[in-house]
Amino acid sequence: MSRGLHPRVSLQVDGQRVEVPAGANVAAAVALVTPWFRRSTEGARRGPLCGMGVCFECRVQIDELSHQRACMIAARDGMRVRTDE
Amino acid sequence: MSERYDVLVCGAGPAGLAAAQAAAGCGATVGLIDAQRTAGGQIWRRDLGRDDARAARIITATLKTPRVSFMPESQVLAADRAEVLLEQPQGAKRIGFGKLVIATGARELLLPFPGWTLPGVTGAGGLQALVKQAWPIAGKRVVVAGSGPLLLAAAVSLRCHGADVLGIHEQASARRVLGLAAQLAAWPARAIQALALRAALAGVAYRCGEFIVAAHGEQRLRAVEIHTGHGLRRIDCDYLAIGFGLVPNVELAQLLGCRLETNGRHARIAIDRAQRTSLENVYAAGEVCGIGGCAAARIEGRIAGLAAAGSPDRGSAPQSRRRHARRFAELLEACFRLDERVRSLATPETVICRCEDVPMAAIEPFGDARAAKLATRCGMGACQGRICGAALAELGRFSSAQVRPPLLPARLSSLSEPFAIKNP
C-alpha cells in the first residue's frame, strides 16, 4: 500500500513511538512493535485471531483503559498503548 | 426514553444496509447500528490501500438516505421486544424501536489444532480485515489454509498488500472443487468473480485435499505442518491465515427468544417469506439466517426492510432471486463440507477455550456446554464462548450454551444504565 496517500497519526506502543496511516486500527500500530498483544490466563503470549472484534485475543491497554480490543479502535494521535509484555 | 426509531437495524453489512434503505424509502425512521467503526460489514470493509468503488457507492447512498441514522461503534449489550441497550465509546444508551431487523452477519469458523494459539495464526478473513486497516504484511510469508471461497478472497487482499502468499491449502478434494466450477455457468456473476480471484492469484498454488495439522514455534508462529497427498509437509512462514467457513451470529436473536433452527451443526434464525422471525416485530436477513452470501443478503435485507416498514413486497421476483442466490450457497456448502479428519486435529493438550486456557482433555467428561462451563470455565471468558462454542459444535461435542446479558464484556457504567438486565 502506498505511503503518503493518507495523513499519518503518531502514537506510542509500550513507550515506542510509531506512525500509521489515519484510519488504521490500534492493532496495526501494535504490530509494528510486537507480535504479542496479551498474556493468557496461563501466561502464554497471544496475538489477534479474528480481526473483527469477536475473539478478544488482541486486548491491550489504551490510555489507562484496559481490555480494549486493538482491532476495533482507530489509532489516534497521542494514544498510549500498552501490551501485556 | 430519549431515542426511538420505527425500524432499528442491527448490523450495517449488505443485509442491514439494504434493510435500512428499503425501510427509510417507505417513510420509516431508521436507526442503523454496527459494532465496527464504518459501515459495510466484513465483506465491504473499507481497505485503506485499495478502493472498492461499488461497495463505497452503496454504503454512501444508504447512509445519506433521509431518515437513516447510522450509529457506528455501537454494540448491543441487552435487548427486549421494545428496546436495546447499546454501548458506545461515549457511554451506554437505550434505543427504542417499533420493529427490529437482525442483520448481525456471520463470523469465521475457527477450529482447534496443535499450535493454533500461537501469535501469527489468524483467521483468513481475520488477517484480511487486519491488513485492510494497515497491519504490516508487506514481505511477510503467509500460508492460507482451511476451506471455502473466503480463502481466495483473503489471499487476494494479502497479496495486494505485498504479502508473499506461499500457497492456499483447501481441504476439499479437487474432484469436488472442479465439480463446483462446472456448475458456475448458472451463476455468471459468481463465475466472473471466481475467474477474477484466480487471475489475481496467478502463480500462487491452490492445492486441494490438503489441510493443516499443526502450527509450530516457541512464542510465535515459525512453521506449519500440512497434510498433503504425499505425506506431511513442513512450511516455514510468518503467518497462517486459516478459516473453515462461516457461522451465523445468532446471539442477539437467541437473547430475544427468536426461534432458531440448525443447519447441520450451527444455529441460524428461522424466518418466513417476509423475513419475519418467530417474534412478531422482529425480522432477520442475511448470513444470520444461514450462510447465503452477499447477493442473498442484499435481497433479504430489502425484503425485511420493506416488511418492517409495513410495505411488504408481495411480488414473486425477489423470492425467486433469493432462492437462486441461496441455491449457490448450498452448492458451496456441499463442495466445502469438512473432512472428518479436519474435525479431529486437536489433541488432549490443545487449548479449546482460548479465553480461559481450557485444554480439550478438561472438557472430555462433560456432555453439554453448561456442565463443561461450570466445571472448567470453558466458554466463560471474554468472548463468551463465541470461538470455542462454534468449534465444539462443529466438532460434534455439544452445541453452544444459552446466552445471557450482557452479550459482551461491558463497562460497569454501561450496566448501571436503567435497563432490565434479565434472563429471557
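Naming convention: chains lettered A, B, ... in sequence-line order (proteins, then strands); numbering from 1 in each chain. Computed from a prediction, not measured in an experiment: that's the story for all the values here.
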Please report the closest heavy-atom contact between [X] and [Y], naming both atoms and the distance.
{"X": "B/C355", "Y": "A/T41", "result": "O-CG2, 3.6 Å"}
{"X": "A/P21", "Y": "B/L48", "result": "CG-CD1, 4.4 Å"}
{"X": "B/P119", "Y": "A/P35", "result": "CB-O, 3.6 Å"}
{"X": "A/A27", "Y": "B/W135", "result": "O-CZ3, 3.6 Å"}
{"X": "B/P136", "Y": "A/A31", "result": "CD-CB, 3.6 Å"}

Carboxylate-amine/guanidinium proximity below 4.0 Å for B/D357 and A/R46 | yes
Side chain, backbone, both or neither: which part of [X] has an atom under 4.5 Å from a heavy atom of chain A?
{"X": "B/C388", "result": "neither"}
{"X": "B/Q384", "result": "neither"}
{"X": "B/Q219", "result": "both"}
{"X": "B/Q75", "result": "side chain"}
{"X": "B/R45", "result": "side chain"}

Above 12 or not: heavy atoms from other molecules or residues under 6.0 Å from [atom1] of [X]?
{"X": "B/E218", "atom1": "CD", "answer": "no"}
{"X": "A/L32", "atom1": "CG", "answer": "yes"}
{"X": "A/R80", "atom1": "CZ", "answer": "no"}

Answer whether the closest heavy-atom distance between the side chains of [X] and [Y] falls below 4.5 Å.
{"X": "B/R220", "Y": "A/R45", "answer": "no"}
{"X": "B/Q36", "Y": "A/M72", "answer": "yes"}
{"X": "B/I387", "Y": "A/F56", "answer": "no"}

Report the distance from atom [atom1] of [X] to atom [atom2] of [Y], rounding to the nearest 0.5 Å.
{"X": "A/C50", "Y": "B/L130", "atom1": "SG", "atom2": "CG", "answer": "8.0 Å"}
{"X": "A/R59", "Y": "B/C383", "atom1": "CZ", "atom2": "SG", "answer": "9.0 Å"}
{"X": "B/R37", "Y": "A/N25", "atom1": "CZ", "atom2": "CG", "answer": "5.5 Å"}
{"X": "B/I242", "Y": "A/L49", "atom1": "CD1", "atom2": "CG", "answer": "10.0 Å"}

Top contributor to chain A interface from B/A138, B/G120, B/P409 [non-hydrogen pairs under 4.5 Å] = B/P409
Chain B contact via A/V20 - side chain, backbone, both or neither, heavy atoms under 4.5 Å = neither
Residue selection (most heavy-atom pairs with chain B, distance under 4.5 Å) from A/A74, A/A75, A/C71, A/G47 | A/A74
Relative to chain B, which of A/A44, A/G53, A/C55 shows the most heavy atom pairs under 4.5 Å?
-> A/C55
